[in-house]
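Take a look at the structure below.
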Amino acid sequence: MKMSRALIPTLREDPKDAEVISHKLLVRAGFIRKVAAGIYTMLPLGLRTVGKLMALVREEMERAGAIEIQMPLVQPKELWTSSGRWELYGKELLRLKDRKDQEFCLAPTHEEVVTELIKNEVRSYRQLPLILYQIHTKFRDEIRPRFGLMRAREFLMKDAYSFDVSEACSMQAYQTMYSAYERIFRRIGLKFEVVEADTGTIGGSLSHEFQVLAPTGEDKIARCNGCKKAWNAELAPVAKPRFVMPGSPLPKEKVKTGDAATIEEVAVVLGLQPEQILKSLLIQTERGPYLAVVRGDRILSLPKFKRSLGLVEAELAQDLTGLPEGQIGPIGQAWPVVADYSVAGVQNGVAGANEPGYHWVNVNYALDFEAQTLADLTLAQEGDCCGVCQEPLSLSRGIEVGQVFCLGTKYSKPMEAVFLDADGNKKPTVMGCYGIGIGRTVAATVEQCHDDQGIRWPVSLAPFAVHLVLLDTRQSELVSLADSLYSALLAQGVDVLYDDREERPGVKFHDADLIGLPLRLTIGKKYKEKGLVEIKARDASFMEDMPPEDASKRIHAFLSQQGMANG
RNA sequence: CGGGGCGUAGCGCAGCCUGGUAGCGCACCUGCCUUGGGAGCAGGAGGCCGGAGGUUCGAAUCCUCUCGCCCCGACCA
């Protein structure tokens, strides 16, 4: 591609609305442009990068035995009522009506359509197993789209769905996809971690997330070096605190705390540490409200809460008590109380008095109140130990680029996607689903691969392998050399971006660094003076001058070596 | 959805408090000059100051409403 005829609008300054590095660089280097909040146009470089990733993903999907299809973005309401998710999905599901007032939604995911397809087309166990996949647009009306491609509303996703005759077979499909995902992210060249995860709105029994390690990641992950396991921090088992606070239990006493509502305010008013305050949260569930109690310095994990009570739905409830904020508590509470292990270790703590303006002090677990369930309910945090082996957990941040789920019969049962087994019995198919965020993976790659000057694409995703930079377009000798190198490389199947613009050298070098192709082939005065061209790796691993006829050999050597490193 | 911030030329910003002919840098166009790290000189073009209403002789500036964008927010019950 010749830059003089392409649309590669690079920017000298960071765009105002970008916060994270990948967003800034993808805009500045001319890969994407925003159309609306969370909605982007892919410019030529962005589209080529996405194309590289899609090709790689397709290759691994095919290798894993998955078959490509394409399902619609716009889907009828009935399909979503049949799975029960029309009501359940909430505002993220963008709903619309056609001219006949028929209701539709923009697909945030495709379980319904694919299950319906299998219901209609698969009758016999002989047609299974099956793994179908697509790479297609999804739409989720996020509360807060942000960070460019990282959390967009409209985005590309590779989603795959497996259909099997039994749990055991489904587990095999899960393993196959899990391995394919490992290969994909390894081939891209990313540092990532696979963590056990919650199943969220998708549902199901077992799930792993593929997390690209980056300080800007929105997810917290916890790894235990004892067990060699990793979890999303909201699921990581946390050991019971070993210490007990000093002193002996005192009789509880009601004190006036006025407007103090937050943990911090209450702590200040009473001159105590947050650890001594019991945080009570009212949780609405499908079995009615529960009062969850955790120590004031800890954060409740809703996934853990759901798991420990065997619940499907749980969200923070507002305004069920009519009490001002922060003044609810477990003592004399009508709702069932569920407490984190940390609560039992709090000696002479503080709890809301269920009465405006008052808190109880000297509250002690077992003496003053008791929980129906005592469990591990909080988000793992720095300093925690593993609940399985008691070794310390190490926390880091990740960008969730892929997730795999065992779905069981969550969709096939209600939607009656059944087959006949060898004995002629009707059985629901056992399903799994597997997603990779395409745009998010591109963004995550930039988060990991950049320097002060710009992006440093790995060969695997680079929109072009080589940036051919012609420094002086007025010297016909240089132009004809660059032109012939361009044609020669193209003929050898090398992707080349040719900077043939009438710009000064400084501009071209800066743009080349910003765009970040793996190799730069520079034609300039060194050729006039010594008959040499320059090859430089963007990652600064080498820079060499050589006669032009050696260039393509060197380029091929570099590319195949990189390919092997990650292949 | 709650809290905060910002909308002025393609991009990044100043001007607003204290109303009086709309500015700067980069980019863009023309010419000269320059070509291995975002050159220089000269000339030029480009704005319903997000939108609507109001106050005023007069509004980018003050007031009201609205739309868009960005940041923080489970909680601290």
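By convention in this document, chain letters (A, B, ...) are assigned in the order of the sequence lines, proteins followed by strands, and residues within each chain are numbered from 1.
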Partner of [N] by Watson-Crick or G-U wobble geometry, both contacts under 3.5 Å, or none?
| N | value |
| --- | --- |
| U34(B) | none |
| A45(B) | none |
| A52(B) | U64(B) |
| G20(B) | C57(B) |
| C11(B) | G25(B) |
| C1(B) | G73(B) |

For atom [atom1], what is the distance between [N] and [M], given to the nearest Å?
| N | M | atom1 | answer |
| --- | --- | --- | --- |
| G37(B) | A42(B) | C1' | 26 Å |
| A39(B) | G51(B) | C1' | 42 Å |
| C76(B) | G50(B) | C1' | 37 Å |
| C49(B) | A9(B) | C1' | 10 Å |
| U66(B) | G19(B) | P | 27 Å |
| C32(B) | C11(B) | C1' | 28 Å |
| G12(B) | C69(B) | C1' | 16 Å |
| G2(B) | G10(B) | C1' | 35 Å |

Please determine if [X] forms a cation-pi arrangement with [Y], meaning its NZ or CZ atom is less than 6.0 Å from the six-membered ring centre and no more than 45° off the ring axis.
| X | Y | result |
| --- | --- | --- |
| R48(A) | F464(A) | yes |
| K256(A) | Y358(A) | yes |
| K240(A) | Y341(A) | yes |

Students often get this wrong, so: under 4.0 angstrom with heavy atoms, is [X] touching a base, only sugar-phosphate, or nothing?
| X | answer |
| --- | --- |
| K526(A) | base |
| R146(A) | sugar-phosphate |
| R520(A) | base |
| G524(A) | base |
| D513(A) | base |

query = Side-chain N or O of K508(A) less than 4.0 angstrom from OP1 or OP2 on U35(B)?
reply =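 Checking K508(A) against U35(B): no side-chain N or O falls below 4.0 Å of OP1 or OP2.
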
Length of the line joining [X]:[atom1] and [N]:[atom2], which is rounded to integer Å:
| X | N | atom1 | atom2 | result |
| --- | --- | --- | --- | --- |
| D17(A) | C11(B) | CG | P | 10 Å |
| L302(A) | C76(B) | CG | C1' | 13 Å |
| R504(A) | C41(B) | CZ | C1' | 13 Å |
| K16(A) | C70(B) | NZ | P | 10 Å |
| E503(A) | G40(B) | CD | P | 14 Å |
| R153(A) | C70(B) | CZ | P | 9 Å |
| R28(A) | G38(B) | CZ | P | 15 Å |
| E315(A) | C1(B) | CD | P | 16 Å |

inquiry  = Does E315(A), at its CD atom, have more than 12 non-hydrogen atoms belonging to other residues, nucleotides or ligands within less than 6.0 Å?
reply    =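 Result for CD/E315(A): open.
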
query = Between H359(A) and K34(A), which has a closest nucleotide on RNA chain B that is more 5'?
reply = K34(A)

task = For I263(A) and for D14(A), locate the closest nucleotide of RNA chain B by heavy-atom distance; then report the residue assigned to the nucleotide nearer the 5' terminus.
result = D14(A)

Ignoring the backbone of [X], work out which of [options] is nearest its side chain.
| X | options | result |
| --- | --- | --- |
| R144(A) | G73(B), C70(B), G37(B) | G73(B) |
| R474(A) | U34(B), G38(B), G37(B) | U34(B) |
| P505(A) | C76(B), G25(B), U35(B) | U35(B) |
| I143(A) | A27(B), C76(B), G73(B) | G73(B) |
| L281(A) | C71(B), G36(B), C75(B) | C75(B) |
| L11(A) | C11(B), C70(B), A39(B) | C11(B) |
| L316(A) | G38(B), C75(B), C70(B) | C75(B) |
| F509(A) | G36(B), U35(B), C69(B) | G36(B) |

message = Go through it in stages, so that I can follow the logic: the residues are F558(A) and F542(A), the test is ring pair (Phe, Tyr, Trp, His ring centres under 6.0 Å), and I'd like the CA-CA distance, side-chain angles, deciding distance and then a yes or no.
response = CA-CA 10 Å; F558(A) 177 86; F542(A) 73 85; 5.6 Å; yes

message = One thing to verify: whether R456(A) and D513(A) come together as a salt bridge, which I'm taking to mean a side-chain N less than 4.0 angstrom from a carboxylate O.
response =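 A salt bridge is absent here (no side-chain N lies under 4.0 Å from a carboxylate O).
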
key: Nearest-0.5 Å distance, OG1 of residue T199(A) to CZ of residue R307(A)   =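 Nearest 0.5 Å value for the OG1-CZ distance: 6.5 Å.
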
ask   = Taking the six-membered ring where the residue is Trp, are the ring centres of F104(A) and W80(A) under 6.0 Å apart?
value = no

